[in-house]
Every structure is written in C-alpha cells, then in structure tokens.
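Only one structure is covered here, and it is reproduced in the block below.
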Amino acid sequence: MNYSIYATFIITFFCVIAYYKRMSLFSPLVLNCFAWGVSFVPGIFFYTDYYPITNSVFTAWMVWFFITSILFIIFEPQKPARFKELCNSKLEIRFNYQYVVYILAFILAYRIWVVGSSGQSQFFLNLRLATMNEIGYQTIGLIGRFYPLILALFVFENIYESKKKSG
C-alpha cells in the first residue's frame, strides 16, 4: 500500500490550516509539514525504490504527526508581545531537589560501572551491548529510563545561579 499518498494528503491538510491561520513560513507547523513532505513526496513517484512502510509504522507516524501538529496549532503565539512576556517569566521549582539529583547521579554512575565491568568485552563495548539488550549482558535498569531527566536537572542545578549560591 502506498502510504506516501495518504501522508501527503495529511500534510497538505495541515498546510491549509497554517495558511488560513496566517502562520509564518518559519512556524513550527509549517517547518514540520515541509520536512515530512520532503520525506514522503518522493515515495509517490519512486514507489518501487522507496523503503517500504509497514502499517504499524505508518500508524505510529500518524499519531505522532497529528499530536505534534495540533500542539503547534494550539501553542502558536497569536500576540507575540504576550508570548514574549510568558517566555521571559521566571521558572521556579519550589523544593530543593539538589540532593535527590546527586543521589540519582551517583546511582546512575554506579550502575554504569557495574554494567561496564560485568561483560566479556571492554568497558564501553559492554555498555553499548547492554543498551542494545544483547543476551548475556546486564542492563542499566529502570534508572536508564530517567537518565534524560537526571541529566537535565543535574546540569540545571550546576550551571544556573541561584539566590543561595550568589548571596
């Protein structure tokens, strides 16, 4: 089945919405539609040479594309001055999470050391094979799912100045 035609119709639909809402050509919705259009339009003309898309992959793409496009439409700034004001407001987290972040970073470092030194190969190769879920290698476990959050909080805590640090 040629999913490229269906995807092109969906992308065109959101381009029409962007046109009627008078969105900028550099808005996230238009850029997203353009990028996916460039990916799917060749599939219409070069169907035999195009990498085949399965039903589950196309369904996942449709869900992702619809959700992101609708979010781009909802959060498109109607009044740029008000949007700028919201962007410049301070974000404050109400509790001191610094020690929690240090504990999570320590646990992550310990799990990385355990996984890296437990395999048959070199340290970094053990980590790579463990993340690919190869048989015979330990995994980092649940802490690996929270790694992006841990890293973001750790960087935020150590880079940005707080009132306590500067005073």
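When reading the values below, keep in mind they use all heavy atoms of this one structure, side chains included, and skip hydrogens, waters and symmetry mates.
By the 4.5 Å side-chain criterion applied to Ile, Leu, Val, Met, Phe, Trp and Tyr, Y19 is assigned to a cluster that also includes V16, Y20.
Rounded to the nearest 0.5 Å, atoms CG (L129) and CD (Q122) are 10.5 Å apart. Note that CG of L29 and CD1 of I11 are 11.0 Å apart. Values are rounded to the nearest 0.5 Å.
Listed by chain and number, the residues in a side-chain contact (heavy atoms from CB on, under 4.5 Å) with T54 are S56, V57 (sequence neighbours excluded). In this structure F13 satisfies the side-chain contact (heavy atoms from CB on, under 4.5 Å) test together with I17, sequence neighbours excluded.
Between W113 and Y110, the ring planes are tilted. Angles from 30° to 60° get that label.
When side chains are defined from C-beta on, I73 counts as touching F14, because their heavy atoms get closer than 4.5 Å.
The hydrophobic cluster containing F9 also contains I44, counting ILVMFWY residues as joined when their side-chain heavy atoms lie under 4.5 angstrom apart, directly or transitively.
Taking all atoms of both residues into account, the shortest heavy-atom contact from C33 to C15 is CB-SG, 3.5 Å. Smallest separation of non-hydrogen atoms from N126 and G116: ND2-O, 2.7 Å.
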Output a table of donor-acceptor pairs, distance under 3.5 Å, between side-chain atoms of residues 58-72 and any protein atom two or more places apart or on a different chain; print 'none' if there are none.
residue: T59; atom: OG1; partner: N55; partner atom: O; Å: 2.8
residue: T68; atom: OG1; partner: W64; partner atom: O; Å: 3.0
residue: T68; atom: OG1; partner: F65; partner atom: O; Å: 3.2
residue: S69; atom: OG; partner: F65; partner atom: O; Å: 2.8

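Residue pairs meeting the side-chain hydrogen bond (donor to acceptor under 3.5 Å, both in side chains) criterion with at least one partner in residues 23-35, sequence neighbours excluded, are N32-W36.
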